[in-house]
Amino acid sequence: MSQDLPIERIMQTGLLTCGPDTPLCEAAARMAERRCSSILVVEGDQPVGIWTEHDALKVDFADPEGVHRPIARAMSSPVASLPRTTPVGEATVRLHAEQRRHFLVVGDAGEPLGILTQTDLAVNQGIEPYLRLREVGSVMRHRPLLLPGTLLLAEAAATMRRSGCEAAVVAADANGELGIVTERDLVRFIARHPGNTPIGELASRPLLAVSDGDTLIHARDRLIDHRVRHLAVLDAGGEVVGLLGFRDMLAGVEHLYLDDLRDALEQRDRALALSRQNLQMAERVIDASLEGIIITDPDNRIEFVNPAFCHVTGYAAEEVIGRTPALLSSGRHDAAFYHAMWNELQAHGYWRGEIWNRRKNGQLYLERLTITAISDDDGRVTHYAALFSDITHIRENEDRVRRLAYYDALTGLPNRRLLEDRLELAIRHAHRQGQRLAVIFIDLDHFKQVNDSLGHAVGDELLVRVAERLAHRLREDDTLARLGGDEFLVLLPELAELDEATRIARRLIESIGEPFLVAGHEFRVGCSLGISVYPDDGTTPEALVQNADAAMYRAKHEGRNTYRLFRTEMNQRDHQQLALETALRNTVESGEGLEVHYQPLVDRDSGEVQGAEALLRWHHPEFGQVSPGTFIPLAERSGLILPLGEWVMQRVAAQLMAWRQAGLTLPRVAVNLSARQFWQRGLVERVAELFEAYQLPPGQIGFELTESVLLDHQQEAVELLHGLRKLGCRIAIDDFGTGYSSLSYLQDLPLTTLKIDRRFIQRLAGEESQRRGSAAIVAAVTGLARELGLRVVAEGVETEAQLAALSRYPVTLIQGYLTGRPMAAETFAECYLQAGEKVRGS
């Protein structure tokens, strides 16, 4: 087929179109049904964008909502188009030069007529002679992308996008059969959105293949016969060494066509030198060239320019004839640059390089320029011919790819890859100079709440503002990078002293702590920082980042909105915590090693037992007796507090039923509720079911809560507490006075008991300064409780002196080692329970 054939003869007609608001999944479904590689997005009658199979790689399959967003947010715009009369050869070159796979073919009035693809050129370009002479292995450039079948769909798509691959071979399944995932498959996945599924379950099988020694014509026919886009290429040993598609075949043809065009231009130059008679033929070649061409006389006055020159520069031929190429000067190059150019041109007869020029509209562009001196038979220069091509977009695309690879798309900050490069260089420099450097790991506190309450758009804008504030508080040579989400990393090179890192950390915390105004919302966020120092805390980028991350988590656990320095013992503590958490998880599942102990609540005046508090104890074969102060916070952090709390309630109820069946007097037992237990849906219903299942009298089990559980959602807490009170349950506030006490909730919530924290009780018998402060607090709490009709429990009473000191206050109940330690159920029954049906503490 001739390279001059117009593309309208081979283009795909019957355009597949959709509106800009069409969901991606719907557009993908249309493409999958029509087996089209692209869909044109139109608004009114005007094309506004195009979405192709290649764009499917950009979809985040891990986000279930990603496939439902409007196609306008994912399409490429504006649409690259070609007139219907464009020669096939020119279209081939432009596809290669502009790194495109599709062109919109438009009519004389700019109306859309069809789509031209690489496949159309490969199938219809008449390249059978070339394909018959070449073997498959001759066009293989890279080994195929091989992905494990266990890889999730989102990561597979991201890997294909980063690798620039149209398809990937999927590792063998259980039957040893390989599969393939292509861009077309991803379109189908968008259409039916199977979720973030392992690609081994989604890959197409069987994997069609050809040998690397087969001819390209055989491979092309196999692609067409099976209506597939890629074939696996096998070597002599049967190993997959490549993937072959129409794009690979077309690349070789494009190369041949460019060679042909270059030969034609050289023939043109020779024709100009030989005789004027051949000038007309040469001019036709020049007019058809995609490169801009200028011919000047020996004095550098322009005699001729071709249409490509006018297209690139914006000047008409009549505007430049008789003038020098200096009218294109950008001002970016000095006189020395042009002087060197002319010296080389006169010495060698040609000059080749890149140069910045200026279009008629003032816009700068970069061109690759070749200037050739044309001489007559006597060796005198008669003309200069300059050929140039606009490579601005090529450079911009290279810069864009480089920026995407090394910079965060949202904030413009360096990403993890660039930071690791800079950190590695900084470590080498610090090693040579005997200096220190620091790494600061930054994580925003409660950022998820911003996303959940105000939306991801506000969250993204907040991250941009945070990046700006952090950057303004750093030194000139420091590096701020975004790792992802709400995590940032700061590299502080050339530290004179460690205090310098902590000063910077405080500045960063202060900057983030100031109010943000985003999209009309004013709010504050905090940040937690972790600092690691080279060489004290690590000598590799990985170690320094990991240790700074560990220090940051320590800052979060110790109050947030602060910073912590890494210490070696932190790693050991983390390993111990992980082992302890694993042991606790196993214990919760089996119940082995867990036991409920009971500590009596004694009437201060009569000494009679009025109830008991249920306290969980854990004995592990390896760790021994683990303190509640250790495993209860661990259960809170790891999410085990819910099954652990449920186990305690069931065990207490079962024990009460066993005591009742044994004819013993039942004490009222108080169970501690964590915040997650209290706010878990259906608490009141579960307590009622517990009473019924174990045949317990109303209110036999009561509950103790801390102030912080109730203060965050006081109105919601009222309803829950009233539900528990209807079941007869007593409600006690534990450790009263140690939190952010609010007197208003005492009269609003249906509470029955206040428990004064042990610290106040123990100080009543201490030094004078301690007695004075604790006495005032105990007097205030007991007086307030008496006025509100609440019982008062004094916790932690351990000595007779403390008990005597309490005699001055209206304290109802005593709990502590003086009146009874926590003990196993059997011991508690022997010491405190008597035969009878009376409920003690009623």
Side-chain angles (χ1 to χ4, degrees), residues 584 586-603 607-621 625-626 628 631-632 635 640-674 677 680 682-704 724-732 734 752-753 793 813 815 817 819-842:
L584 181 60
N586 295 334
T587 298
V588 170
E589 292 177 358
S590 65
E592 297 179 2
L594 292 177
E595 187 177 6
V596 177
H597 282 199
Y598 298 85
Q599 185 174 24
L601 273 71
V602 178
D603 185 277
E608 183 181 354
V609 174
Q610 294 296 310
E613 180 180 359
L615 300 169
L616 184 61
R617 295 296 182 261
W618 178 29
H619 185 274
H620 189 265
Q625 194 71 33
V626 184
F631 73 82
I632 294 298
L640 295 172
I641 195 66
L642 291 179
L644 202 59
E646 186 68 25
W647 186 91
V648 171
M649 290 175 61
Q650 294 286 342
R651 183 55 59 94
V652 169
Q655 185 62 64
L656 287 169
M657 185 175 73
W659 282 339
R660 183 174 188 179
Q661 292 173 349
L664 300 179
T665 303
L666 294 184
R668 284 181 179 262
V669 178
V671 175
N672 289 281
L673 283 183
S674 70
Q677 288 176 275
Q680 190 182 20
L683 173 65
V684 176
E685 291 77 6
R686 284 198 307 280
V687 173
E689 293 170 359
L690 192 72
F691 284 178
E692 182 178 355
Y694 290 95
Q695 302 175 6
L696 299 179
Q700 191 64 57
I701 297 177
F703 300 99
E704 295 187 5
L724 294 174
R725 291 291 294 135
K726 287 180 181 178
L727 298 177
C729 300
R730 285 178 173 171
I731 309 298
D734 197 10
T752 62
T753 308
V793 178
L813 299 170
Q815 182 180 358
Y817 288 174
T819 55
R821 292 175 175 268
M823 59 192 73
E826 295 80 5
T827 306
F828 183 85
E830 293 175 1
C831 295
Y832 299 107
L833 302 186
Q834 302 173 1
E837 287 296 324
K838 179 182 178 182
V839 176
R840 189 168 296 211
S842 58

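This structure is a prediction, so every number in the text was calculated from the model and none was measured.
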If you measure from [atom1] on [X] to [atom2] on [Y], what distance do you get to the nearest 0.5 Å?
{"X": "R725", "Y": "F703", "atom1": "CZ", "atom2": "CZ", "value": "12.0 Å"}
{"X": "L615", "Y": "M823", "atom1": "CG", "atom2": "CE", "value": "11.0 Å"}
{"X": "L642", "Y": "S674", "atom1": "CG", "atom2": "OG", "value": "6.0 Å"}
{"X": "I641", "Y": "I632", "atom1": "CD1", "atom2": "CD1", "value": "5.0 Å"}
{"X": "L690", "Y": "I701", "atom1": "CG", "atom2": "CD1", "value": "5.0 Å"}
{"X": "H620", "Y": "L594", "atom1": "NE2", "atom2": "CG", "value": "10.0 Å"}

Looking at [X] and [Y], would you say the former's side chain and the latter's main chain have a donor-acceptor pair under 3.5 Å?
{"X": "R668", "Y": "G699", "value": "yes"}
{"X": "T752", "Y": "R730", "value": "no"}
{"X": "T665", "Y": "L833", "value": "no"}
{"X": "R660", "Y": "Q695", "value": "yes"}

Evaluate the side-chain contact (heavy atoms from CB on, under 4.5 Å) criterion for residues L813 and V602: first the C-alpha distance (whole Å), next the side-chain angles of each, then the deciding distance (0.1 Å), finally the verdict. CA-CA 5 Å; L813 299 170; V602 178; over 6 Å; no
Quick one about [Y] and [X] (side-chain donor to acceptor, distance below 3.5 Å, no hydrogens or angles considered), yes or no?
{"X": "N672", "Y": "Q677", "result": "no"}
{"X": "Y694", "Y": "Q700", "result": "no"}
{"X": "Q680", "Y": "R686", "result": "yes"}
{"X": "E830", "Y": "T827", "result": "no"}

More than 12 foreign heavy atoms under 6.0 Å from [atom1] of [X]: is that the case here?
{"X": "E692", "atom1": "CD", "answer": "no"}
{"X": "E595", "atom1": "CD", "answer": "yes"}
{"X": "E592", "atom1": "CD", "answer": "no"}

Looking at [X] and [Y], what are the two nearest heavy atoms and their distance?
{"X": "Q599", "Y": "G820", "result": "NE2-O, 3.1 Å"}
{"X": "P600", "Y": "R821", "result": "CD-O, 4.0 Å"}
{"X": "V588", "Y": "P643", "result": "CG1-CB, 3.7 Å"}
{"X": "C729", "Y": "G702", "result": "CB-CA, 4.4 Å"}
{"X": "A829", "Y": "W659", "result": "CB-NE1, 3.7 Å"}
{"X": "F691", "Y": "L727", "result": "CE1-O, 3.7 Å"}

I731/T753 under side-chain contact (heavy atoms from CB on, under 4.5 Å): CA gap, chis, key distance, verdict: CA-CA 6 Å; I731 309 298; T753 308; over 6 Å; no
With a 4.5 Å cut-off on side-chain heavy atoms, are [Y] and [X] touching?
{"X": "R617", "Y": "V596", "value": "no"}
{"X": "V671", "Y": "E704", "value": "no"}
{"X": "C831", "Y": "V609", "value": "no"}
{"X": "V687", "Y": "L724", "value": "yes"}

Go through L673 and L683 one step at a time and tell me if the side-chain contact (heavy atoms from CB on, under 4.5 Å) criterion holds. CA-CA 11 Å; L673 283 183; L683 173 65; 4.1 Å; yes
Let's go through L640 and F631 carefully: what are the C-alpha distance in whole Å and the side-chain angles of both, what is the deciding distance for side-chain contact (heavy atoms from CB on, under 4.5 Å) to 0.1 Å, and is it a yes or a no? CA-CA 10 Å; L640 295 172; F631 73 82; over 6 Å; no
Mutual orientation of the aromatic rings belonging to F828 and Y832 [parallel < 30°, tilted 30-60°, perpendicular > 60°]: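 The rings of F828 and Y832 sit tilted, inter-plane angle from 30° to 60°.
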